[in-house]
Amino acid sequence: MFKIPRGTRDFTSEEMQKRRYIEEVMQKTFETFGYKEVQTPTFETLELFTAKSGDAIIEELYSFTDKGGRDLALRPELTAPVIRFYVDKLQMEPKPLKLYYFGNCYRYDRPQKGRYREFKQAGCEIIGTDTAEANAELIAMAYKILENAGVKNLVLNIGNLNILSSLFSQFKLTKDQQKYLIPQIDKSMFEDVFDALRDFDIKKEDASILTEILQTSDIKKIENLVMGDVAKKELEELNKILSFLDKSFGIKNYQIKMSIVRGLDYYKGVVFEIEAPSLGAEKQLCGGGTYELIKLFGGKETPTTGFAIGFDRTILALELEKYEFPNPTLDVFVIPVTEEMIEKSLKITQNLREKGVKVDIDLLRRGMSKSLKYASSINAKKAIIIGPKELEQDSVTIRDMETGKQDLKKIKDIEKIIK
RNA sequence: GCCCGGGUAGUGUAGCCUGGCAACAUAUGGGACUGUGGAUCCUCUGUGGCGGGUUCAAAUCCCGCCUCGGGCCCCA
């Protein structure tokens, strides 16, 4: 017996039905926002990912050397590949460029619920604009995608990294000091942040201002506390985004959260995340923001914002919320009563299939009773019984599997009745 | 990578503490009701994650590994 590799999954037809359905809903939402689908390879050069995230991520990558000696890696995410694609081939496309994608990604992590070594992401990037309306539209789309997919309990947090970094520079914190603070901010350990700031010789008042800003979700309060032109200007932008979300997109269910940091290295400006609180440790469904990667990849700098949605987690959240996925059904199950009927039955089956009807036929030469039972267990809507009695009159028996009602119908009329 | 809890037919479970023939339900295949279902009955197949140790004897006790789950770490 062979075992499935750790952290990977097989999907049953029931699960695939759910996944395809949700993927379609997401895809439609992307399309209604004017986004176009792209696809990139499953593996890339290792360098693409180390350039973006540093050598430290090699530990969490599925990387390998191919037979030509090239260092490659299975993609751990899709932003870097898509931006590589953009820099390589799409720079002259009319702006803004709105791209979306679905793809499996691979990370060498310890698996647990909602975290797999092979997982699927849905995401997008908008290239060439960073107006408040562009950012608001993007955040709204992320929210709507999850809402349209049917997730009920969503928490949308929005922050802005430029405000944080301008405060950092105002307090003259060194890069190392910032590096020390960021993980603590990420973990909401604000007392430790305060203590650290004091250790860095920040005045008590300034330290409390910073920790206040990090903790409050009251934008007025932040307005009163924030200092410096850059931070004030960014705050104004943030305010515009929030106002668009509320007034234009009807999304009121958001919270300011200045402690979203998301690896400050290449994220700039607005950042956001959407959580499904019911999911526990791995509850983040979506993360995104504005970032600067194009220049790093050798392209002409232009604003970019994007997000990624954890597809598997979205499915998990829906299942937890007892979301009712559509049931897989079969339009017709054909039952030949005797072996002599098989040829005619296959022909009728095939005729219906050519008309686009979902039809299956008994292939085990089972009796009527077992066949009907089987038809019922696979959720067939109708059964067509084909036997000598019926054929004498050029007819078949059509049985409605829900009501149990059945009628003798002419073969030439089957198509009409089924449709 | 760390801490904790699990792993018994395809699925869901009992037995484990206190070692002694591996079992129940369900699903699947076949059959009965001789052409009408969700039923009933009969029947076949199928089970201890893997390896080692203790013992006359291990699903049961001990150790290691694998794996799933909860919590960390990480979260691009």
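Among the protein residues, A:Arg313 comes within range of no part of the nucleic acid, since none of its heavy atoms lies under 4.0 Å from any strand. Nucleic acid contact class of A:Glu390 (heavy atoms, under 4.0 Å, all strands): base. Nucleic acid contact for A:Gly123: none, since no nucleic acid atom lies under 4.0 Å from a heavy atom of the residue. Residue contacts shown for A:Gly287 are absent, as no nucleic acid heavy atom lies under 4.0 Å away. Counting non-hydrogen atoms under 4.0 angstrom, A:Glu60 reaches a base of the nucleic acid. As judged by a 4.0 angstrom heavy-atom cut-off over every strand, A:Lys405 is placed among residues making no nucleic acid contact. Using a 4.0 Å heavy-atom cutoff across all strands shown, A:Ile335 reaches no nucleic acid atom at all. A:Gln406 comes within 4.0 angstrom of a base, heavy atoms only.
Computed from coordinates, the A:Tyr267 OH to B:A76 C1' distance equals 7 Å when rounded to whole Å. Atom P of nucleotide B:G35 and atom CZ of A:Arg366 are separated by 17 Å, given to the nearest angstrom. The distance between atom CG of A:Asp362 and atom P of B:G29, rounded to the nearest whole Å, is 11 Å. Note: NZ (A:Lys283) to P (B:G71) measures 10 Å, nearest angstrom. Atoms CZ (A:Arg115) and C1' (B:G70) sit 12 Å apart, rounded to a whole Å. Rounded to whole Å, the distance from CG on A:Leu61 to P on B:C75 is 13 Å. Residue A:Ile185 contributes atom CD1, which lies 14 Å from atom P of B:C75 at whole-angstrom precision. Spacing between atom CG of A:Leu296 and atom C1' of B:A76 amounts to 13 Å, rounded to whole angstrom units.
The number of heavy-atom neighbours closer than 6.0 Å to OH of A:Tyr108, taken from other residues, nucleotides and ligands shown, is 12 or below. For A:Glu31, the CD atom sits in a packed shell: over 12 heavy atoms of surrounding residues, nucleotides or ligands are nearer than 6.0 Å. Atom CD of A:Glu354 has more than 12 neighbouring heavy atoms from other residues, nucleotides or ligands inside a 6.0 Å radius. For A:Lys283, the NZ atom sits in a loose shell: 12 or fewer heavy atoms of surrounding residues, nucleotides or ligands are nearer than 6.0 Å.
For the pair A:Leu97/A:Tyr86, a side-chain contact is recorded, criterion being any heavy-atom separation below 4.5 Å from C-beta on. At a threshold of 4.5 Å between non-hydrogen side-chain atoms, the residues A:Met26 and A:Ile309 count as touching.
Residue A:Gln112 places at least one side-chain N or O closer than 4.0 Å to OP1 or OP2 of B:G71. Put simply, A:Arg6 has a side-chain N or O that comes within less than 4.0 Å of OP1 or OP2 on B:U67. Side-chain N/O atoms of A:Arg110 include none lying less than 4.0 angstrom from OP1 or OP2 on B:C68.
Comparing A:Val337 and A:Pro183, the nucleotide of RNA chain B nearest to each residue sits closer to the 5' end for A:Val337. Annotation: of the two residues near RNA chain B, A:Asp400 and A:Tyr374, the 5′-most nearest-nucleotide partner is A:Tyr374.
Between B:A27 and B:G46, the distance separating the two C1' atoms is 12 Å to the nearest Å. For the P atoms, the distance from B:A39 to B:U26 is 10 Å, rounded to whole Å. B:C61 and B:U28 have their C1' atoms separated by 37 Å, given to the nearest Å. Separation of the C1' atoms belonging to B:G7 and B:C50 is 12 Å when rounded to the nearest angstrom. Across B:U47 and B:A9, the matching C1' atoms stand 4 Å from one another, rounded to whole Å. Distance check on atom P: B:C75 versus B:U18 gives 46 Å, rounded to whole Å. B:G6 and B:A59 have their C1' atoms separated by 15 Å, given to the nearest Å. Annotation: B:C66 and B:G52 have their C1' atoms spaced 14 Å apart (nearest Å).
In this structure, the nucleotide among B:C74, B:C68, B:U36 sitting nearest to the side chain of A:Pro111 is B:C68. Side-chain proximity of A:Lys373 to B:A76, B:G35, B:G37: nearest is B:G37. Considering only side-chain atoms of A:Leu364, the nucleotide from B:A76, B:U36, B:G30 that sits closest is B:G30. The listed nucleotides are B:G35, B:C75, B:G38; the one nearest the side chain of A:Arg107 is B:C75. Each of B:A76, B:C73, B:G35 was ranked by its minimum atom distance to the side chain of A:Ile57; first place goes to B:A76. Among B:C74, B:C33, B:G35, the nucleotide with an atom closest to any side-chain atom of A:Thr397 is B:G35.
A donor and an acceptor atom never sit less than 3.5 Å apart when one is taken from the side chain of A:Lys370 and the other from the base of B:G29.
Salt bridge status for A:Glu23 with A:Arg20: present, with a side-chain N to carboxylate O gap under 4.0 Å.
Side-chain atoms of A:Tyr291 and A:Glu125 include a donor-acceptor pair closer than 3.5 Å.
Taking a pair as Watson-Crick or G-U with both hydrogen-bonding distances under 3.5 Å, the stems of three or more pairs touching RNA chain B are B:1-7 with B:66-72, B:10-13 with B:23-26, B:29-32 with B:40-43, B:49-53 with B:61-65.
A distance below 6.0 Å separates the ring centres of A:Phe30 and A:Tyr100.
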Let's go through A:Arg9 and A:Glu118 carefully: what are the C-alpha distance in whole Å and the side-chain angles of both, what is the deciding distance for salt bridge (Lys or Arg N to Asp or Glu O under 4.0 Å) to 0.1 Å, and is it a yes or a no? CA-CA 8 Å; A:Arg9 293 155 298 158; A:Glu118 180 184 58; over 6 Å; no
